[in-house]
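Order of the sequence lines sets the chain letters (A, B, ...), proteins ahead of strands, with each chain counted from 1.
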2 protein chains.
Amino acid sequence: MANTKKRPRIDKKNLIIRRMSTYLRTLDHLQNKGVKVISSADLEKIDGVTQSLVRRDFAEFGSFGVRGVGYHVPELREQIARVLGFDRHWKVALIGAGGLGSVLMHSASFKKRNLEVVQIFDHAGVSVGTSIEGIPVHDIANIEQELDASRIDLAIIAVPPPEVQSVIDRLSQLGVRGALYFASRPVRVPENMVVLNMDITVELGVLTYQLQDF
Amino acid sequence: MANTKKRPRIDKKNLIIRRMSTYLRTLDHLQNKGVKVISSADLEKIDGVTQSLVRRDFAEFGSFGVRGVGYHVPELREQIARVLGFDRHWKVALIGAGGLGSVLMHSASFKKRNLEVVQIFDHAGVSVGTSIEGIPVHDIANIEQELDASRIDLAIIAVPPPEVQSVIDRLSQLGVRGALYFASRPVRVPENMVVLNMDITVELGVLTYQLQDF
DNA sequence: TAGATTGTTAATCGATTAACAATC
DNA sequence: TAGATTGTTAATCGATTAACAATC
């Protein structure tokens with residue numbers, strides 16, 4: 001049987017990394033509340049990860065705490081942000097400026113994480129030619145001419161399901177390395193890309209399963 | 001130290017269930033394409049889960065395939081839908097009818113999974129009094145009076161981060177069992193609820209991490 | 001110092017893989 | 001029948017937990 005090419009160890013540390021990203025969010029929250037120091041036991045209560053695992057997760061990347069004291073929130077926050085790559089700036093292309101694309105543009109998610117949307121593409125129609133949050137919307141038909149892959153670190157793909165695969169393939173050709181899409185469908189991931197997906201129907205399945213005999 | 005209450009075995013089978021929900025999506029896709037039969041080896045190529053694990057996942061819930069042949073797509077689809085609870089109708093309350101709430105209402109995600117939004121709540125303002133997709137929008141201030149918990153199986157919470165916790169607490173009081181929220185913040189989950197979260201900032205952290213030395 | 005909490009190691013547990021008999 | 005692919009078991013691997021010495 002065909003030896004399906006081993007995906008690289010990308011989703012190797014996957015569980016740890018997802019938790020790290022969740023801790024970062026919690027630390028943002030704590031920092032907003034003015035909390036200065038936090039223990040792994042506190043984090044267990046907030047994030048539902050055992051204190052043992054919290055410490056082990058952090059220890060995977062360094063020694064961020066103070067014995068007998070806990071973790072200084074601003075410092076731990078910064079260390080985790082660094083691990084995840086948020087110590088640098090990321091340039092983003094938004095593909096699809098419909099309902100979801102607009103919601104994303106107007107949300108605080110990107111700037112909060114040092115991501116900057118520098119190009120927007122959509123189909124010729126209402127939005128092309130206008131600007132969203134100061135960024136002009138280009139025609140997706142011209143993406144090969146207009147997308148400057150050397151400036152783009154990742155793409156946020158907010159187009160309808162039937163278009164997602166072709167957008168990914170075109171981004172791959174252009175040399176864009178990363179993408180996140182929201183459509184509820186599987187995609188073939190090009191070798192030169194990391195592609196993640198957020199799909200509400202997948203989450204709904206998890207939720208309804210859990211509610212069945214709850 | 002306080003013996004933090006063990007969360008029930010809810011996220012016990014979590015990994016399997018998330019994969020099952022992903023297979024279901026793939027089967028929808030295959031069915032749309034008119035594919036009649038699929039093997040675990042095919043599913044490995046599409047979903048990136050080893051054929052061995054695919055078969056094991058299915059076997060966890062029954063015997064859905066035919067030796068020497070594979071899995072009949074419509075039948076497998078139906079079996080997995082049943083496992084996830086999609087063989088029944090789910091009534092949904094949408095809390096928050098702003099940008100994200102509207103996008104969700106206009107998407108096909110809910111009806112695709114046998115979920116029906118039967119009540120919508122938002123803050124007094126533009127949307128209250130109007131209808132979205134034929135469902136009238138109520139004032140969230142009156143949720144205690146207007147939400148009929150006996151009719152509602154789960155809530156979709158699309159309100160801004162600072163309001164999420166209070167919405168969850170109010171739903172818990174009302175007896176709503178399940179919720180999905182999108183805000184980037186931790187929440188305390190009431191004992192009588194299952195609460196899931198989709199947070200783009202968490203996914204962005206996973207993506208930027210993986211892109212770092214890709 | 002006494003008390004608290006980290007960082008880390010060894011033990012356990014659970015999830016994944018490999019292999020193959022069953023069977024279409 | 002021969003070829004294919006499932007369902008299932010045993011082996012392996014990796015992730016989590018428990019425990020405690022280090023140390024603030």
Output side-chain donor-acceptor pairs under 3.5 Å for residues 89-98 of chain A, partner residues at least two apart or in another chain, one line each.
from	atom 1	to	atom 2	distance (Å)
A:H89	NE2	A:E116	OE1	2.7
A:W90	NE1	A:G85	O	2.7

Quick one: side chains of residues 103-113 of chain B, donor-acceptor pairs under 3.5 Å with protein atoms, not counting sequence neighbours, listed by atom name and distance.
from	atom 1	to	atom 2	distance (Å)
B:H106	ND1	B:S102	O	2.8
B:S107	OG	B:L104	O	3.0
B:S107	OG	B:S109	N	3.3
B:S107	OG	B:S109	OG	3.0
B:R113	NH1	B:D28	OD2	2.9
B:R113	NH2	B:D28	OD2	2.9

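Rounded to whole angstrom, the span from the CG atom of A:D57 across to the C1' atom of D:dT16 amounts to 10 Å. Whole-Å rounding puts the B:R19 CZ to C:dT16 C1' distance at 8 Å. If you take CG of A:L53 and P of D:dG14, they are 17 Å apart, rounded to a whole angstrom. If you take CD1 of A:I38 and C1' of C:dA4, they are 15 Å apart, rounded to a whole angstrom. Distance B:D42 CG to D:dA4 P: 14 Å, rounded to the nearest Å.
Using a 3.5 Å distance cut-off with no hydrogens or angles, the side chains of A:T26 and A:D47 do pair a donor with an acceptor. Of the N and O atoms on the side chains of B:Q79 and B:R82, at least one donor lies less than 3.5 Å from an acceptor on the other residue. Inspection of the B:R25 and A:S184 side chains reveals no N or O donor paired with an N or O acceptor under 3.5 Å.
Using a 4.0 Å cut-off, no side-chain N or O of A:Y71 falls inside it from OP1 or OP2 of C:dA4. When the side-chain nitrogen and oxygen atoms of B:R55 are compared with OP1 and OP2 of C:dC20, none of them lie within a distance under 4.0 Å. Between B:T50 and C:dT16 there is no side-chain N or O to OP1 or OP2 distance below 4.0 Å. Dashed line: the shortest gap from a side-chain N or O of A:R56 to OP1 or OP2 of D:dA19 is not under 4.0 Å.
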Sub-3.5 Å pairs of nitrogen or oxygen atoms, protein against nucleotides 21-24 of chain D:
from	atom 1	to	atom 2	distance (Å)
D:dA22	N3	A:R67	NH1	3.0
D:dC24	O4'	A:R67	O	3.1

Pair assignment for DNA chain D - dot-bracket with | for other-strand partners, Watson-Crick or G-U under 3.5 Å: ..||||||||||||||||||||||

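Residues in residues 28-77 of chain B take part in these ring-ring contact (aromatic ring centres under 6.0 Å, His included) pairs, two or more places apart or across chains: B:Y23-B:F58, B:F58-B:Y71. Residue pairs meeting the side chain to side chain donor-acceptor pair (under 3.5 Å) criterion with at least one partner in residues 154-166 of chain A, sequence neighbours excluded, are A:H123-A:E163, A:Q165-A:D169.
Among the nucleotides C:dT6, C:dA10, D:dA10, the one closest to the side chain of A:S39 is C:dT6.
Just one of A:R19, A:K13, A:R18 meets the salt bridge (Lys or Arg N to Asp or Glu O under 4.0 Å) condition when paired with A:D57; it is A:R19.
Using a 4.0 Å heavy-atom criterion, one finds that B:S52 contacts the bases of the nucleic acid, with or without backbone contacts as well. Within the 4.0 angstrom heavy-atom criterion, no nucleotide atom of any strand lies near A:F58.
Projected onto DNA chain C by closest heavy-atom contact, A:F64 and B:I16 fall at different nucleotides, the more 5' of which corresponds to A:F64.
B:V118 and B:R151 make their closest contact through CB-NH2, 3.7 Å (heavy atoms, listed as atom of the first residue, atom of the second, distance).
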